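All values reported here derive from a predicted model rather than from experimental measurement. Atoms considered below: every heavy atom in the structure, side chains included; atoms not considered: hydrogens, waters and symmetry mates.
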Number of protein chains: 2
Amino acid sequence: MILKSQVEWALHCCAILAGLPEGRYLSTKALAELHGLPKEYLSKALQSLSQAGLVHSTLGPSGGYRLARPPAELNFLEIVEAVEGKSRTFVCDNIRANNPCRPKGYCDSSPCAVARIMWEADEAWRQKLRSVTLADLGEILSRETPPAIWKDTFDWVLKRAG
Amino acid sequence: MILKSQVEWALHCCAILAGLPEGRYLSTKALAELHGLPKEYLSKALQSLSQAGLVHSTLGPSGGYRLARPPAELNFLEIVEAVEGKSRTFVCDNIRANNPCRPKGYCDSSPCAVARIMWEADEAWRQKLRSVTLADLGEILSRETPPAIWKDTFDWVLKRAG
DNA sequence: ATATTATGGATATTAAATATCCCTATATCT
DNA sequence: AGATATAGGGATATTTAATATCCATAATAT
Ligand code: SF4
Ligand code: SF4
């Protein structure tokens, strides 16, 4: 059970977009080049973000993406779910229904304990992701990234931002 | 990102084994029949449990599996990891290393913030699963399952236990 | 007008999950 | 001793999901 690589891509792209000045856009091409990713495929991830309403897009030359909201109001869970989907990691195939000791047509009113416990674990995972915003990430990154690289990257991005 | 169906199978099988009297064994055949599962494939899941040391097996007629430890000392995480593996759900492909603004040969000393945050969420998931034992599950199931079904299933299992 | 971009559909490629089959060693029963 | 039932493990097929590319279209800036 491994998350799609698009999750990592989306998170990094959002981290970059979070540093973009108000009103500027950054294209798929620039984001793909910056991260060394296949442009066409990365495009699908960005489209997922767009469909989820997390980023805003614009067409034409100097077009691209920007965040739809301030970084402090965009959390990890939203980004992860946008590309990975909202479905739970544990799917219940209801195998207990096959138990030959159960009367025919017997219908369990509620999901069984196994499923509920697994879903609670899922929820703990979600809760952690919900608690971290892009603003939090930006604060950590700016603290940990060597200033020279940080500045070079910022300049590189600005030069290509529409 | 969805867990293997073998996870559900393993959890249910362990729940049944937890109700088995001391020293008795239950075969793959019986467990497959009880849950309506493909015997050969379920066998792989049970072998994973065996390799992880969670269950003990014995050969020959009247052979099968029993828990290697008391239900109170066997938690969900151990069972899930036995069949699903211990690897984290977020794999870091280190795409930031492709950043053209980074000096050639520059090596990040530690995993970046994105990966660390995702791994913390994984750990929250694990911690929840670690906190629930088979004894906890048995207590819930015995409370929620209609007594008639509970007893029929117990009898059905005992009749087939070696 | 021309160039550049996001979007979405179609399709190919690769990897993983699911499932079955068969052989071997071991234990139980008669 | 011999027949039978079992776990274990290797090989392999089948199905599904992830990864990746390609192309046509509409919108936008210069
Ligand atoms: S007991 Fe729970 S987890 Fe198991 S099959 Fe039924 S609903 Fe699914
Ligand atoms: S920044 Fe973190 S998550 Fe992103 S590529 Fe680097 S290590 Fe992986």
Side-chain angles (χ1 to χ4, degrees), chain A residues 1-10 13 17 23-33 35-66 68 80 82-85 87 89-91 93 95 160-162, chain B residues 1-10 13 17 23-33 35-66 68 80 82-85 87 89-91 93 95 160-162:
Chain A
M1 185 190 58
I2 291 179
L3 288 163
K4 307 195 223 195
S5 52
Q6 286 192 338
V7 170
E8 178 179 7
W9 304 355
C13 288
L17 294 181
R24 310 285 297 272
Y25 289 80
L26 195 60
S27 71
T28 304
K29 186 184 171 195
L31 285 167
E33 192 182 343
H35 294 118
L37 300 173
K39 181 165 84 75
E40 310 285 350
Y41 194 27
L42 172 62
S43 170
K44 300 297 185 188
L46 297 173
Q47 283 175 43
S48 296
L49 294 177
S50 178
Q51 284 172 350
L54 307 186
V55 301
H56 182 254
S57 72
T58 182
L59 285 172
S62 84
Y65 297 94
R66 64 167 170 81
V80 171
V83 300
E84 185 66 40
S87 64
T89 67
F90 182 86
V91 296
D93 286 333
I95 61 174
R160 286 157 180 85
Chain B
M1 186 191 55
I2 291 180
L3 288 162
K4 307 196 222 193
S5 52
Q6 286 192 339
V7 171
E8 179 180 4
W9 303 356
C13 287
L17 293 181
R24 309 285 298 272
Y25 289 81
L26 196 59
S27 71
T28 305
K29 187 184 171 196
L31 285 166
E33 191 182 342
H35 294 119
L37 299 173
K39 181 166 83 77
E40 309 285 351
Y41 194 27
L42 172 62
S43 170
K44 301 296 185 188
L46 296 173
Q47 283 176 41
S48 296
L49 295 177
S50 178
Q51 284 171 349
L54 308 185
V55 300
H56 182 256
S57 72
T58 183
L59 286 172
S62 84
Y65 297 94
R66 65 168 170 79
V80 171
V83 299
E84 186 66 40
S87 64
T89 67
F90 182 87
V91 296
D93 286 334
I95 61 174
R160 286 159 181 83

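Atom pair A:L54:CG and C:dA6:C1' shows a separation of 16 Å (rounding to whole Å applied). Atom NZ in A:K39 sits roughly 11 Å away from atom P in C:dT4 (whole-Å rounding). The CG atom of B:L37 sits 11 Å away from the P atom of C:dT20 (whole-angstrom rounding). Here the P atom of nucleotide C:dA17 and the CD atom of B:Q6 are 10 Å apart, to the nearest Å. A:L46 has its CG atom 13 Å from the P atom of C:dG8, to the nearest Å. In this structure, B:M1 places its CE atom 15 Å from C1' of C:dA16, rounding to the nearest Å. Distance B:I2 CD1 to C:dA16 C1': 13 Å, rounded to the nearest Å. Here the P atom of nucleotide C:dT5 and the CD atom of A:E33 are 11 Å apart, to the nearest Å.
At distances below 3.5 Å, not a single donor-acceptor pair connects side-chain atoms of A:E84 with backbone N or O atoms of A:V7. Side-chain atoms of A:R24 come within 3.5 Å of backbone atoms of A:A161 as a donor-acceptor pair (strictly under, hydrogens ignored).
Considering every non-hydrogen atom in both B:G53 and B:A68, the closest pair reads O-CB, 3.4 Å. In terms of heavy atoms, A:V55 sits closest to A:L46 at CG2-O, 4.3 Å. Taking each heavy atom of B:L42 and B:C13 in turn, the nearest pair found is CD1-SG, 4.0 Å. Scanning both residues, A:T89 and A:M1, for their nearest heavy atoms gives CB-SD, 3.7 Å.
OP1 or OP2 of C:dT18 lies within a sub-4.0 Å distance of a side-chain N or O belonging to B:S5. Side-chain nitrogen and oxygen atoms of A:T28 include at least one within less than 4.0 Å of the OP1 or OP2 phosphate oxygen of C:dA6.
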Would B:K4 and B:V83 count as a side chain to side chain contact (heavy atoms under 4.5 Å, CB included) here? Give the steps.
CA-CA 8 Å; B:K4 307 196 222 193; B:V83 299; 5.8 Å; no
Please report the C-alpha distance between A:L26 and A:L31 in whole Å, then the side-chain angles of each, then the deciding distance to 0.1 Å, and finally whether the side chain to side chain contact (heavy atoms under 4.5 Å, CB included) criterion is met.
CA-CA 7 Å; A:L26 195 60; A:L31 285 167; 3.6 Å; yes
Letter by letter from the 5' end, nucleotides 23-30 of chain C scores (B base, S sugar-phosphate only, - none; protein heavy atoms under 4.0 Å) ---BBB--
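No engagement by B:G162 is indicated, since no non-hydrogen atom pair under 4.0 Å with the nucleic acid exists. Using a 4.0 Å heavy-atom distance criterion, A:Y65 is classed as a sugar-phosphate-only contact. Across all strands shown, B:K29 has heavy atoms under 4.0 Å from sugar-phosphate atoms exclusively, and none from any base. Across all strands, A:S43 comes closer than 4.0 Å to base atoms (heavy-atom distances).
For DNA chain D, the span of nucleotides reached by chain B at under 4.0 Å from its heavy atoms goes, 5' to 3', from D:dT4 to D:dA18.
Closest to the side chain of B:P38, out of C:dT20, C:dT5, C:dT7, is C:dT20.
The side-chain contact (heavy atoms from CB on, under 4.5 Å) check on A:S57 picks up A:S50, A:Y65, with sequence neighbours excluded.
Taking the six-membered ring where the residue is Trp, A:Y25 and A:H56 present tilted rings, their angle falling between 30° and 60°.
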